[in-house]
There are 2 protein chains.
Amino acid sequence: MYNDLDPLLHSQLRLAIMSILIGIEEADFVFIREKTGASAGNLSVQLDKLMEAGYLEIRKSFKGKFPRTTCKITPQGIDAFENYVRALQEYIKPGQL
Amino acid sequence: MYNDLDPLLHSQLRLAIMSILIGIEEADFVFIREKTGASAGNLSVQLDKLMEAGYLEIRKSFKGKFPRTTCKITPQGIDAFENYVRALQEYIKPGQL
DNA sequence: AAAATTTGGTTTTTATTATAAACTTGTTTA
DNA sequence: TAAACAAGTTTATAATAAAAACCAAATTTT
């Protein structure tokens, strides 16, 4: 009981990012920013951390003349997310609702 | 979607504390320390924060000649915990498992 | 019976984190 | 052509988690 919660995922913003990407696989920076309501700066930093950890991959391209940053969850990211959820269940189980 | 997660509960140790107390209502310092594996210092600080927030009440007494600190979750604490769980579900729903 | 250890903590310090503020590069619009 | 906007990144700051150091009293050891 009370397994450690992956600190990379135990963060409101990073968890929201992963939650989005688990659902739709791929999304761009602006979409994630709007969906999460995060500041661009914060989002940039957190995406980087998730990439460093191998939880997602980031592709840079152009949409017309503007830069575009696309994020995609990796198999490792999916694993980590599922693990996190499993660990978390132990903490919240008693309060099933 | 993506309601804010109560930052007081979004902490591994504080969540574990609340998880224990949701189940058994009342528990003493040593029991919680053992169950969570936290250091006494960290536990002391986090219990204090939860008390400050009105999520639990702390009673001090003696067990024989030794001091004893007993913690009990409050109705407000139960509410907060349930709210947190509800909010969290939104984040982890896609990964139902 | 003094010294060392244990119990049950609290206070203080340190390292990490999350987040926002400021900045960059380029583009569109007034 | 200057101001405003798009899409980010980098840097600075404020909050947090967690451990280390400390304390007082009780107990055990020598």
Side-chain angles (χ1 to χ4, degrees), chain A residues 2-20 26-53 55-72 80 84 87-88 91, chain B residues 2-20 26-53 55-72 80 84 87-88 91:
Chain A
Y2 301 125
N3 282 329
D4 273 1
L5 300 173
D6 180 344
L8 251 135
L9 295 183
H10 198 63
S11 136
Q12 173 146 242
L13 181 49
R14 287 195 301 269
L15 189 60
I17 294 167
M18 294 295 279
S19 169
I20 289 168
E26 206 171 282
D28 65 31
F29 191 97
V30 174
F31 178 81
I32 297 174
R33 178 168 54 65
E34 282 166 357
K35 205 124 210 248
T36 59
S39 70
N42 193 10
L43 182 55
S44 178
V45 171
Q46 306 310 328
L47 284 176
D48 233 63
K49 286 183 188 171
L50 289 170
M51 189 196 52
E52 291 289 291
Y55 289 2
L56 48 80
E57 112 216 336
I58 294 181
R59 223 172 51 246
K60 268 146 199 316
S61 59
F62 281 86
K63 175 172 52 179
K65 293 177 175 176
F66 286 103
R68 162 207 244 144
T69 300
T70 312
C71 309
K72 184 178 163 135
Y84 172 79
L88 197 57
Y91 289 74
Chain B
Y2 300 125
N3 282 330
D4 273 1
L5 300 173
D6 180 344
L8 251 135
L9 295 183
H10 198 64
S11 134
Q12 174 146 244
L13 181 50
R14 287 195 302 269
L15 190 60
I17 294 167
M18 294 295 279
S19 169
I20 289 167
E26 206 169 281
D28 64 31
F29 190 96
V30 174
F31 178 81
I32 297 175
R33 178 167 54 65
E34 282 167 357
K35 204 125 211 244
T36 59
S39 69
N42 192 12
L43 182 57
S44 177
V45 171
Q46 305 312 326
L47 284 176
D48 232 63
K49 286 183 189 172
L50 289 170
M51 190 196 51
E52 291 288 291
Y55 289 1
L56 47 82
E57 80 192 33
I58 294 181
R59 223 174 50 246
K60 266 145 199 313
S61 59
F62 280 86
K63 175 173 51 177
K65 293 176 176 179
F66 285 105
R68 162 206 245 145
T69 300
T70 312
C71 308
K72 184 179 163 137
Y84 172 78
L88 196 58
Y91 288 74

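So that the names make sense, note that chain A is the first sequence line, chain B the second, and so on, each numbered from 1. This one's a predicted model, so the numbers in the text were calculated from it and none came from an experiment.
In this structure, A:Lys60 atom NZ and D:dA6 atom C1' are separated by 13 Å, rounded to whole Å. Taking atom CZ of B:Phe62 as the reference point, atom P of D:dT27 lies 12 Å away to the nearest angstrom. The separation between A:Leu50 atom CG and C:dA18 atom P is 10 Å, rounded to whole Å. Between A:Glu34 atom CD and D:dA6 atom P there is a gap of 10 Å when expressed in whole angstrom units. Taking atom CG of A:Asn42 as the reference point, atom P of D:dA15 lies 15 Å away to the nearest angstrom. Between the C1' atom of C:dG26 and the CZ atom of A:Arg68 lies a distance of 17 Å, rounded to the nearest Å. Atom CG of B:Leu5 is separated from atom C1' of C:dA18 by 14 Å (rounded to the nearest Å). We find that CG of B:Leu13 is positioned 16 Å from C1' of C:dT16, with the value rounded to whole Å.
The residue among A:Gly41 and A:Phe66 whose nearest nucleotide of DNA chain D is located toward the 5' end is A:Phe66. Where B:Lys63 and A:Leu8 meet DNA chain C, the nucleotide closest to each residue was compared, and B:Lys63 sits on the side nearer the 5' end.
Of the side-chain N and O atoms in B:Ser44, none sit less than 4.0 angstrom from OP1 or OP2 of C:dG9. For A:Ser39 and C:dA20, the shortest distance from a side-chain N or O to OP1 or OP2 is below 4.0 Å. Residue B:Gln12 has no polar side-chain atom (N or O) positioned under 4.0 Å from OP1 or OP2 of D:dA17. Dashed line: the shortest gap from a side-chain N or O of A:Lys49 to OP1 or OP2 of C:dT17 is not under 4.0 Å. Phosphate contact (OP1/OP2 of D:dT27, side-chain N/O of B:Lys65, threshold under 4.0 Å): present. Here B:Arg14 does not reach the OP1 or OP2 of D:dT16: none of its side-chain N or O atoms lies under 4.0 Å away. For D:dA17, one of the phosphate oxygens OP1 or OP2 lies less than 4.0 angstrom from a side-chain nitrogen or oxygen of B:Ser11.
Remark: the backbone N or O of A:Leu5 is paired with a side-chain donor or acceptor of B:Gln12 at under 3.5 angstrom.
The distance from the CZ atom of B:Arg33 to the CG atom of B:Leu43 is 8.0 Å, given to the nearest 0.5 Å.
Among the heavy atoms of the strands lying under 4.0 Å from A:Val30 are primed sugar atoms or P, OP1, OP2 only; no base atom is included.
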Practice item. Just do the side-chain contact (heavy atoms from CB on, under 4.5 Å) check on B:Leu9 and B:Leu88 with the steps written out, would you? Key: CA-CA 11 Å; B:Leu9 295 183; B:Leu88 196 58; over 6 Å; no
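Using a 30° and 60° split on the angle between ring planes, B:Tyr91 and B:Tyr2 fall in the perpendicular class, above 60°.
Counting heavy atoms from C-beta on, the side chains of B:Phe66 and B:Val30 never come closer than 4.5 Å.
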